[in-house]
**Q** 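I have a structure I would like to understand better, so I am pasting it below and will then ask my questions one at a time.
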Amino acid sequence: MSSIPTVDDVPSAADRRWQRFHFDVPIRLVFETGNYTRIAEGRGTELNEGGLGLYAGIELDVGDQVEVELTVPFYCLSLKLQGVVRNRPGNGYYYGIQFVDTDATQKGEIALFAKMLESAAGQLDS
């Protein structure tokens with residue numbers, strides 16, 4: 001049985017699999033609660049090829065599945081990605097989302113967006 005990483009298990013910048021980029025764009029989360037589909041607005045704050053960090057004023061638990069819709073500045077399409085809440089550091093509404101079930105096209109779009117962020121905003125060191 002695999003365990004879900006805790007905040008203490010989050011690797012340092014030197015140990016990460018992917019470079020992390022800082023950004024500030026609107027995001028939309030679509031998720032199920034009971035028999036209902038809910039939509040929440042939030043702000044994406046950092047991105048890498050494996051997931052993103054975001055603020056959203058909703059209660060989510062580690063392990064919850066969400067669809068993330070990212071509107072990319074200067075890009076004609078939005079990204080719709082499936083994800084799982086992997087961490088929630090502190091008591092606020094900041095969440096770490098891991099992308100799941102991404103296909104080759106989506107991975108390419110994420111990498112393109114990350115490159116655009118690198119040239120526009122720079123790398124987030126931590």
**Q** Is the backbone N or O of G53 less than 3.5 Å from a side-chain atom of T45, with the two atoms forming a donor-acceptor pair by type?
**A** yes

**Q** Check I110 against E49 and note the closest heavy-atom contact, atom names and distance.
**A** CG2-CA, 3.7 Å

**Q** Test of understanding: clusters of I, L, V, M, F, W, Y form through side-chain heavy atoms closer than 4.5 Å, transitively. Do L70 and Y93 belong to the same one?
**A** yes

**Q** Output the distance between atom CG (L54) and atom CD1 (I97), rounded to the nearest 0.5 Å.
**A** 5.0 Å

**Q** Can you tell me how far apart CD (E67) and OG1 (T37) are? Round to the nearest 0.5 Å.
**A** 10.0 Å

**Q** R88 and V62: which non-hydrogen atoms are nearest, and at how many Å?
**A** N-CG2, 4.3 Å

**Q** Counting C-beta onward and ignoring hydrogens, is there a side-chain heavy-atom pair between D64 and F31 closer than 4.5 Å?
**A** no

**Q** Kindly give the heavy-atom pair with the smallest separation between R43 and I27, and that separation in Å.
**A** N-CG1, 3.7 Å

**Q** When rounded to the nearest 0.5 angstrom, what is the spacing between CG in D24 and OH in Y55?
**A** 10.5 Å

**Q** Hey, which of L47, V25, L81 is the one that makes side-chain contact (heavy atoms from CB on, under 4.5 Å) with L52?
**A** L47

**Q** What closest approach, in Å, do V85 and Y95 show between heavy atoms, and which atom pair accounts for it?
**A** CG1-CD2, 4.0 Å

**Q** Working to the nearest 0.5 Å, report the span between CD1 of I58 and CD of E41.
**A** 10.0 Å

**Q** Compare every heavy atom of L29 with every heavy atom of A56, then report the nearest pair and how far apart it is.
**A** CB-CD1, 3.8 Å

**Q** Tell me, do Q106 and L79 make a side-chain contact under 4.5 Å, heavy atoms counted?
**A** no

**Q** Crowded around Q65 CD? As in, over 12 foreign heavy atoms under 6.0 Å?
**A** no

**Q** Would you call E109 and K80 a salt bridge, taking side-chain N to carboxylate O under 4.0 Å as the test?
**A** no

